[in-house]
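Labels below follow one simple rule: chain letters A, B, ... track the order of the sequence lines, proteins then strands, and each chain is numbered from 1.
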Amino acid sequence: MKPVFLHRLYTFYRDGFKNMTVGKTLWILVLIKLFIMFAVLKVFFFPDFLNSRFDSNESKADYVQQELLRVNQ
Amino acid sequence: MEILSSLVDWSRAQFAMTAMYHWLFVPLTLGLGVIMSVMETLYVKTGNEQWKRAAKFWMTLFGINFAVGVATGLILEFEFGTNWSNYSWFVGDIFGAPLAIEGVVAFFMEATFISIMFFGWKRVSKKFHLASTWLTVTGATISALWILVANAWMQYPAGTTFNPETVRNEMTDFWSVLFSPVAMNKFFHTVISAWVLGSIFVIGISSWFLLKKRQADFALKSIRIATVFGLLSSIILLITGHGSAYHVAQRQPMKLAVMEGLYHGKAKADLLAFGILNPSKTFCNTEDELLLSIPVPIPGLLSWLGYDDCNAFVPGISDILNGGYELQNGQTALSFEEKQRRGKEAIQFLSDFRQAATAGDTEAKATAKAGLEENYDYFGYGYINKAEDLIPNVPLVFYSFHIMVILGMYFIAFFLVAGILVYRKKFENVRWLQKLAVWTIPLAYIAGQAGWIVAEVGRYPWAIQEVLPLNAAVSKISTGSVQLTFFLFLALFTVLLVAELGILTRQIKKGPEAEVN
């Protein structure tokens, strides 16, 4: 890629973000939302159930099969 | 079992809340996106600056809605991994592949072109900007396609084979998953319903400007576009609605029976325009199904919608549970007890297969695999204890369906009247219609949510139709943790919704004269 193109791309985004009005509020809202979702909810409240308990696909398959048989009891 | 039900109920409630909240934003993005793109196309074609102003105003509202709604769907994926881990494992790559394509292709397409759409008005050519606007909307629509393909697979699991070695379903035919008739119809029905909502939103907000005696030219221009687009979309929605009824009748007959409150099947069945359910009616008693029934005056309409034949037999709830009626393919429908027996056999064969695999007994493995394959279509019935457990919440599905249909008919009449008046240049003088247009906005949201209730509550108790019920799909976690996150989400969603409504209202009040980015 030519440096001129990269510079134009950079100024395109730089000026775009600089001239935002309502967009600034929206970006703040988006960033707060993403922080809550990924840094709080995902980490503390939504661990992946199988990945957090088992290392291999075989042990996950065994567990799910046992669960499917247990629920059927 | 009571604890499990409670866990299943809370997990369902959490998933439903997240999905319904997400669906507040998606339809407006899809619907408004097309309308603003049409306006910008008119600007590029005619050079009329008023179309540019209109396109920019609706684009700002599109941006607000997009920003608040973006990534809320990801929470559903968190819930799959935590609350529905058996399900997540069981569906394997079938769910993963469409969602991955959605994340990589469609999202990046949207993300690339949305910045050109908002930042590029003075930086790129008119035509390149227009292309970016259309590509942003196309990206959003393709995102919806992959999500709906994944959802359709749960309603009609096509193009896959269950592998007992891995206890997972594996995709054997990508094109069957993508182009399954259920997926295609679901995509068009859902996206076009979003176009209807977008049209109603534009007419409603434009009418607000007329009521306030502001921006009359802009408002009437917007209404002209939205009434034509909305009317065409509503008519196509009727056709895809017929498609939905047909696929439900073929593959989820219980859902169709519950939608119509039909306990006892009949040939040449009429479609109810409206009815009131008898709250005392259950599967076990002989009371009347309905306290009030007002059928659509077209004989055999339900039979025609479900089977393309006005004389076809539409099975009721009791027929589906008892079996014994003739299916469309000429076979006799199995009773619940027979399906349950075959489901339990399938589960036992899975257990036998795994034991044989561990013992290295190749012959026993092959026998178990053959038995599992023969009975796999009934696998999920092995987890159902009694016939009544197969009946979804009848009042919720019945009333949601009829509210959706009644509102759909109202929208057609609304677009027709509004369109005639706006093209005869009389709309600006009819204040009652302007007020009605504003109040029609929430009705469009109610119709969309009601449609999802029919689709999702109507397929109870299945996470995957007839293969995996909810009680087998759920993770073994504490009910308390699901309750906690339910209320956390409720708080987060409420705050976000209030924020969106606040920003949106402020921006609408500023009107198209405000130059924003």
Side-chain angles (χ1 to χ4, degrees), chain A residues 4-73, chain B residues 4 60 63-64 66-68 70-72 74-75 78-86 88-90 115-116 118-120 123-124 164-168 343-344 347-348 350-351 354 382-383 468-469 471-472 474-477 481 484-485 488-489 492 496 499-500 503 506-507 510 514-517:
Chain A
V4 176
F5 174 76
L6 288 177
H7 181 71
R8 283 181 62 188
L9 194 67
Y10 165 72
T11 56
F12 177 84
Y13 279 98
R14 184 199 62 195
D15 296 347
F17 281 110
K18 206 167 19 178
N19 296 328
M20 280 194 307
T21 50
V22 68
K24 279 184 183 142
T25 314
L26 294 173
W27 268 107
I28 292 167
L29 195 69
V30 168
L31 292 174
I32 292 172
K33 178 174 63 176
L34 291 177
F35 176 80
I36 294 171
M37 277 174 57
F38 287 97
V40 181
L41 291 174
K42 179 67 184 158
V43 173
F44 296 106
F45 297 100
F46 284 93
D48 187 291
F49 184 88
L50 293 176
N51 285 345
S52 62
R53 286 166 174 76
F54 307 101
D55 296 326
S56 67
N57 282 344
E58 287 75 22
S59 51
K60 288 176 194 170
D62 283 341
Y63 171 78
V64 172
Q65 192 237 347
Q66 283 164 21
E67 275 296 288
L68 292 179
L69 294 176
R70 181 185 67 81
V71 178
N72 187 40
Q73 302 302 308
Chain B
L4 184 61
T60 306
I64 294 167
F66 185 88
V68 180
V70 73
T72 51
L74 285 176
I75 296 173
F78 295 176
E79 291 170 22
F80 279 133
T82 305
N83 299 355
W84 303 99
S85 60
N86 290 349
S88 297
W89 181 262
F90 195 79
S115 53
I116 299 172
F118 282 111
F119 298 161
R123 304 290 290 260
V124 297
E165 301 264 6
T166 56
V167 199
R168 302 189 97 163
K344 285 190 182 294
I347 295 166
Q348 186 56 50
L350 173 63
S351 174
R354 304 279 296 176
Y383 296 99
L468 192 71
N471 59 339
V474 78
S475 304
K476 201 165 73 175
I477 54 176
S481 69
L484 174 68
T485 48
L488 274 175
F489 280 150
L492 176 69
L496 281 173
E500 157 153 50
I503 301 168
R506 207 167 57 215
Q507 207 56 47
K510 284 181 183 172
E515 184 72 20
V516 292
N517 205 348

Original post:
What part of B:Leu350 gets closer than 4.5 Å to chain A, counting heavy atoms only: side chain, backbone, both or neither?
Top reply: both
Original post:
Using non-hydrogen atoms only, which part of B:Leu468 is less than 4.5 Å away from chain A: side chain, backbone, both, or neither?
Top reply: side chain
Original post:
With side chains defined as the heavy atoms from C-beta onward, is the minimum distance between A:Phe44 and B:Thr485 less than 4.5 Å?
Top reply: no
Original post:
Taking only residues two or more places apart in sequence, or in another chain, which ones meet A:Ser52 in a side-chain hydrogen bond (donor to acceptor under 3.5 Å, both in side chains)?
Top reply: none
Subject >> Within-4.5 Å side-chain heavy-atom neighbours: B:Lys510 and A:Val22 >> reply: no
Original post:
Any side-chain heavy atom of A:Leu29 within less than 4.5 Å of one from B:Val68?
Top reply: yes
Subject >> Residue B:Thr166 versus chain A: region with a heavy atom under 4.5 Å >> reply: backbone
Original post:
Is the side chain of A:Lys33 donor-acceptor paired with the backbone N or O of B:Thr72 at a distance under 3.5 Å, no angle test?
Top reply: no
**OP:** Pick one of side chain, backbone, both or neither for B:Glu500, based on which atoms fall under 4.5 Å of a heavy atom in chain A.
**Re:** neither
Original post:
Side chains of A:Leu41 and B:Leu492: does their closest heavy-atom pair fall under 4.5 Å?
Top reply: yes
Subject >> B:Arg506: salt bridge (charged side-chain N to carboxylate O under 4.0 Å, His left out) partners, not counting sequence neighbours >> reply: none
**OP:** Side chain from CB out, backbone as N, CA, C, O: work out which of these in A:Ile32 comes under 4.5 Å of a heavy atom of chain B, or both, or neither.
**Re:** neither
**OP:** Mark yes or no for whether A:Lys42, through its side chain, and B:Phe78, through its backbone, hold a donor-acceptor pair below 3.5 Å.
**Re:** no
Subject >> Per-residue contact mode, A:Tyr63 against chain B (heavy atom under 4.5 angstrom) >> reply: side chain
Subject >> Value rounded to 0.5 Å, distance of CD in A:Gln65 from CD in B:Glu165 >> reply: 11.5 Å
**OP:** State, with a plain yes or no, whether a side-chain heavy atom of B:Ile116 is found less than 4.5 Å away from one of A:Phe12.
**Re:** yes
Subject >> When A:Thr25, A:Asp48, A:Leu26 are compared by non-hydrogen pairs under 4.5 Å with chain B, the top option >> reply: A:Leu26
**OP:** Let me know if A:Asp62 has heavy atoms under 4.5 Å from chain B in its side chain, its backbone, both or neither.
**Re:** both
Subject >> Check: B:Phe119 main-chain N/O paired with A:Tyr13 side-chain donor or acceptor under 3.5 Å >> reply: no
